[in-house]
Number of protein chains: 2
Amino acid sequence: MRPTVHDIAAVAGVSLATVDRVLNQRPGVRLVTREKVEAAIREIGYIRDVAAANLAKGRVYPLVFIVPTGDNSFMHGLRFEVHQATLRASIERTDIRIVEVPAFDVPALVAALDALQGQDIAGVALVATDAPEVRAAVDRLVSERIPVVTLVSDLSDSNRHHYAGIDNIAAGRTAARLLGRFLGGREGEITVLAGSMLVRDHRERLQGFSAVMAAEFPKLRLLPVLEGRDASERTRSLVSKALSENTEIIGIYNLGAGNRGLIAALKAVRPERGLTVVVHELTQHTRAALIDGTIDAVLNQDAGHEVRSAIRVMKATADGQAVIADQERIRLDIFLKDNLP
Amino acid sequence: MRPTVHDIAAVAGVSLATVDRVLNQRPGVRLVTREKVEAAIREIGYIRDVAAANLAKGRVYPLVFIVPTGDNSFMHGLRFEVHQATLRASIERTDIRIVEVPAFDVPALVAALDALQGQDIAGVALVATDAPEVRAAVDRLVSERIPVVTLVSDLSDSNRHHYAGIDNIAAGRTAARLLGRFLGGREGEITVLAGSMLVRDHRERLQGFSAVMAAEFPKLRLLPVLEGRDASERTRSLVSKALSENTEIIGIYNLGAGNRGLIAALKAVRPERGLTVVVHELTQHTRAALIDGTIDAVLNQDAGHEVRSAIRVMKATADGQAVIADQERIRLDIFLKDNLP
DNA sequence: CGATTTCTGATGTACGTAAATCAAAAATTT
DNA sequence: AAATTTTTGATTTACGTACATCAGAAATCG
């Protein structure tokens, strides 16, 4: 049988109350006694039964998710996953509140963060816009001992406790290699589409993409980035214009959202053009386009995993427990038409 | 607050004892009363607090993992992950026993399975060799109401409750497309290496690979499969021989183990040969080969995920609970040199 | 109808931990 | 050494569920 608090008490030669004081860092224990108890804990290899502890505590974790509004499929999916998490709230002892903030709107995000100060909150998860004001607001929360986790897009130089998202530099590099290898030594130009260079995830993807392109595929020339603001219609017109004006384009990398528009623009050109296309985020549209050959590869981050990981990390941080970094690593999924889920 | 058994009792107008009898399917409840209770459960949306229930029950799950011996990295990793799971045993209330059986040895596997009959076991996970005798032995356990999960390699037409592994047909198809696209329209021959056609995962990978190759890359001709028995030295000599005898080979797909031997053989030929290579299983050897360019892509299944998933499924099945299929889907990881973890 | 069987209620203990109270002991100060 | 403060012990209740026991009620049988 696994050891219990009673065993600690017996081994340490102290009472249950003292063991409890040590375990829960309550005051009123002399240093020597504390050390005796801690030695006993190590000796018998005691591990707190978290289930029993939570039961006794009746603890709930009030969590806040700050997510951008916007009608693109990815953010829609993200909000859906947070909502799914609220359905598991009673089982997981969480109490999740969703706060929506306009995308790329720094003051709104800061206001939403500041509104949380002083509240009884066990953790905050936010899709960060990478600005100094946001960093400052996050740091204010952190200094109030509120666990903060960035979701999908990280925040530079902040004290956030954790980032629940993919390695976007690696994602960009991977996109470059897929595109470069799929083009098999051909020569031509590559169009890169982004949502906004204000968010760190897009900047990092571009950075990784450019680096590998420059280093390993010198025959492929990158055109200036088109910013589609993650909006489909804008993306469609940008792509249509680019394709009609420049016949040298043989590859496209969309590192942001707005795939619906991209796909529409692609379907409007003759398939003989032989474009190779790599995009981010698996949605019903990109899935269909992958199957019908309009798109060649989709890089994906699983929003459900990210949300669940963020919740685990916030809970663990709130309890002062360590997180197992390896377990919380969000992986980059690569989908070809053959391995769709 | 979430509803408890007391709430059920109050709403149904019965005692706690009766609620308990209904919840745990104990005898001695009239049909009408039972229905009253069940109606109340639905009405208030009661969900059993599994943590509290397990605490009260003091339940442990005796589980058995049957894994092949063999020194290849993947099986080594799999055994390691099962061992890791034993370290979490007390937390997860599992009691895991590992049984090792020679690889591809049908009678030994059957004997190991039959030895479990009549024992007090909450679940069995096995890396299946796909043979009728094994299927029969598995079905015997299933008919004894013991949950059985196949791990990594599935068992045809058996009554096993679940398969914790990747879709190997999809894996083979994906490998074909990667290899085909990376070769960018070149013409030549492709060598396929396998461990043994006795295991279903290898057969399925080959099936998927061949299908896509035939349908979409007609310029690439498949050579007869080389069976390396998942042994490195054998694989090395087979590959060396093939490469020296046939200068038309431009691509290699290793769908089994034995990558150490393959890599050694590849390093022995001049890099100018320009081979494109896709293999399975990320190990320290394949990782290094990916980084130095000897290998172009690695398909991987995360043994840790598979083991943890198998445990969750066995526990749920033992408790008569449904498994969330989507959550237990094991994904195929694709690694290029840019997205290594 | 009474006797028997079947069902239901009331109650208590247990699981491992948290948290509180109050008394007692030990250490520290005066 | 007495007074004070700090530390420790003993005990109790609670969390939500499981499980057992025994008495009493309701249903069924003869």
Side-chain angles (χ1 to χ4, degrees), chain A residues 1-41 44-61 89-95 315 318-321, chain B residues 1-41 44-61 89-93 315 318-321:
Chain A
M1 274 322 272
R2 79 190 262 198
T4 74
V5 283
H6 295 86
D7 300 320
I8 304 176
V11 170
V14 300
S15 75
L16 257 184
T18 301
V19 173
D20 181 68
R21 288 177 186 119
V22 173
L23 279 176
N24 296 291
Q25 300 161 83
R26 274 182 261 278
V29 184
R30 262 189 310 164
L31 186 61
V32 278
T33 316
R34 178 178 298 277
E35 282 169 350
K36 232 174 19 179
V37 173
E38 281 165 352
I41 290 174
I44 64 177
Y46 170 81
I47 302 164
R48 183 197 246 103
D49 183 327
V50 191
N54 283 337
L55 178 61
K57 273 199 284 231
R59 186 169 188 0
V60 292
Y61 300 82
S90 69
I91 298 172
E92 298 178 345
R93 300 180 178 280
T94 55
D95 175 17
K315 288 169 79 170
D319 289 344
Q321 294 189 319
Chain B
M1 271 325 271
R2 80 188 262 196
T4 73
V5 282
H6 295 85
D7 301 318
I8 303 175
V11 171
V14 300
S15 75
L16 258 184
T18 302
V19 173
D20 181 68
R21 287 176 187 121
V22 173
L23 278 176
N24 296 292
Q25 302 162 82
R26 274 183 260 279
V29 185
R30 259 188 313 164
L31 187 60
V32 279
T33 315
R34 176 178 299 275
E35 281 169 350
K36 242 186 352 189
V37 173
E38 281 165 352
I41 291 174
I44 64 177
Y46 169 82
I47 303 165
R48 183 198 246 104
D49 183 327
V50 190
N54 283 337
L55 178 62
K57 275 200 282 229
R59 186 169 189 358
V60 293
Y61 300 82
S90 70
I91 298 171
E92 298 180 346
R93 301 180 176 280
K315 286 169 80 171
D319 288 343
Q321 293 189 319

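Scope of the values below: all heavy atoms of this structure, side chains included, with no hydrogens, waters or symmetry mates. Proteins get letters first, then strands, A, B, ... in listed order; numbering begins at 1 in each.
For the pair A/K36/A/V29, no side-chain contact is recorded, criterion being any heavy-atom separation below 4.5 Å from C-beta on. With a 4.5 Å cut-off on side-chain heavy atoms, A/I41 and A/L23 count as touching.
When the C1' atom of C/dA25 is taken as reference, atom CZ of A/R30 falls 10 Å away, rounded to whole Å. Taking atom CG on A/L23 and atom P on C/dA18, their separation rounds to 6 Å, with Å as the unit. With rounding to whole Å, A/R59 atom CZ is found 15 Å from C/dA19 atom C1'. Distance, B/Q25 CD to C/dC7 C1': 18 Å, rounded to whole Å. Spacing between atom CD1 of A/I8 and atom C1' of D/dG9 amounts to 16 Å, rounded to whole angstrom units. Going from atom NE2 of B/H6 over to atom C1' of C/dT11 covers 12 Å, rounded to whole Å.
Contact record, A/R93 with B/D49: NH2-OD2, 3.2 Å, taken as the closest heavy-atom pair.
The residue among A/Y46 and B/P27 whose nearest nucleotide of DNA chain C lies closer to the 5′ end is B/P27.
Scanning residues 49-58 of chain A for heavy-atom distances under 4.0 Å to DNA chain C yields A/D49, A/A52, A/A53, A/A56, A/K57. Scanning residues 9-22 of chain A for heavy-atom distances under 4.0 Å to DNA chain C yields A/D20, A/R21.
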